[in-house]
Amino acid sequence: MLRWFRAVAVAEACSWAGLLVGMFFKYVTETGELGVKIFGPVHGALFVLYVAGVLLSAREAGWSRGAVVLGLACAVPPFTSLWFERRMAARTAVAEQPA
């Protein structure tokens with residue numbers, strides 16, 4: 001599950017990048033809205049998958065409620081899903097090391 005969560009977190013961040021580039025072309029250069037039309041729905045779907053990934057990974061790995069709330073909050077600002085995924089991967093790796 002954590003490997004799937006990593007893939008979704010990376011994909012969600014990439015979709016953020018695509019959406020931000022699309023918004024730049026739509027609103028700043030005013031040269032078209034194709035990027036927003038493409039990356040808007042893609043990002044929306046990946047956002048939902050990321051939220052599901054946080055909830056399912058938390059259940060599997062035994063994350064605290066605070067970690068779950070942080071993970072869900074990291075779905076909103078661009079690219080913070082990557083930071084959260086790396087943070088939880090590191091914590092999980094430390095927790096799984098033999099004493």
Side-chain angles (χ1 to χ4, degrees):
M1 178 57 64
L2 295 176
R3 182 175 284 159
W4 177 80
F5 177 62
R6 171 177 284 167
V8 170
V10 169
E12 193 265 348
C14 291
S15 72
W16 250 124
L19 185 57
L20 290 172
V21 169
M23 289 169 55
F24 174 82
F25 284 111
K26 180 177 180 178
Y27 297 111
V28 176
T29 66
E30 297 179 0
T31 57
E33 57 183 54
L34 182 62
V36 174
K37 285 185 177 182
I38 292 172
F39 284 103
V42 169
H43 177 67
L46 289 169
F47 175 88
V48 171
L49 281 175
Y50 175 81
V51 168
V54 168
L55 298 174
L56 293 172
S57 296
R59 187 173 179 187
E60 181 179 304
W63 298 346
S64 68
R65 288 185 189 185
V68 173
V69 170
L70 180 61
L72 295 175
C74 285
V76 179
F79 311 115
T80 53
S81 60
L82 294 175
W83 172 81
F84 179 76
E85 185 281 323
R86 297 302 305 154
R87 175 185 167 111
M88 297 314 290
R91 286 187 174 198
T92 302
V94 168
E96 290 177 353
Q97 288 181 354

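Each residue takes its place number in the sequence, starting with 1. Every value quoted in this text rests on a predicted model; they were computed, and no experiment measured them.
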Check the hydrophobic clustering (I, L, V, M, F, W, Y; side-chain heavy atoms under 4.5 Å; chains of links allowed) and say if Trp4 and Leu72 are grouped together. yes
List, one per line, each side-chain donor-acceptor pair under 3.5 Å for residues 25-36, sequence neighbours excluded.
from  : atom 1 : to    : atom 2 : distance (Å)
Thr29 : OG1    : Phe25 : O      : 3.0
Thr29 : OG1    : Thr31 : OG1    : 3.0

Membership question, hydrophobic clusters at under 4.5 Å side-chain separation (ILVMFWY): are Val10 and Val8 in the same one? no
Do Phe24 and Leu20 sit in the same hydrophobic cluster, where Ile, Leu, Val, Met, Phe, Trp and Tyr count as joined when their side-chain heavy atoms come under 4.5 Å apart? no
Do any side-chain atoms of residues 73-90 form donor-acceptor pairs under 3.5 angstrom with protein atoms, and if so which ones, sequence neighbours left out?
from  : atom 1 : to    : atom 2 : distance (Å)
Thr80 : OG1    : Cys74 : O      : 2.6
Thr80 : OG1    : Pro77 : O      : 3.0
Ser81 : OG     : Ala9  : O      : 3.2
Ser81 : OG     : Glu12 : OE1    : 2.7
Glu85 : OE2    : Arg6  : NE     : 2.9
Glu85 : OE2    : Arg6  : NH2    : 3.3

When the side chains of residues 44-70 are checked against the rest of the protein, which donor-acceptor pairs come out under 3.5 Å, sequence neighbours left out?
from  : atom 1 : to    : atom 2 : distance (Å)
Tyr50 : OH     : Gly71 : O      : 3.1
Ser57 : OG     : Gly53 : O      : 2.8
Ser64 : OG     : Ala67 : N      : 3.1

Pairs meeting criterion salt bridge (Lys or Arg N to Asp or Glu O under 4.0 Å) with involvement of residues 67-81, two or more places apart: none
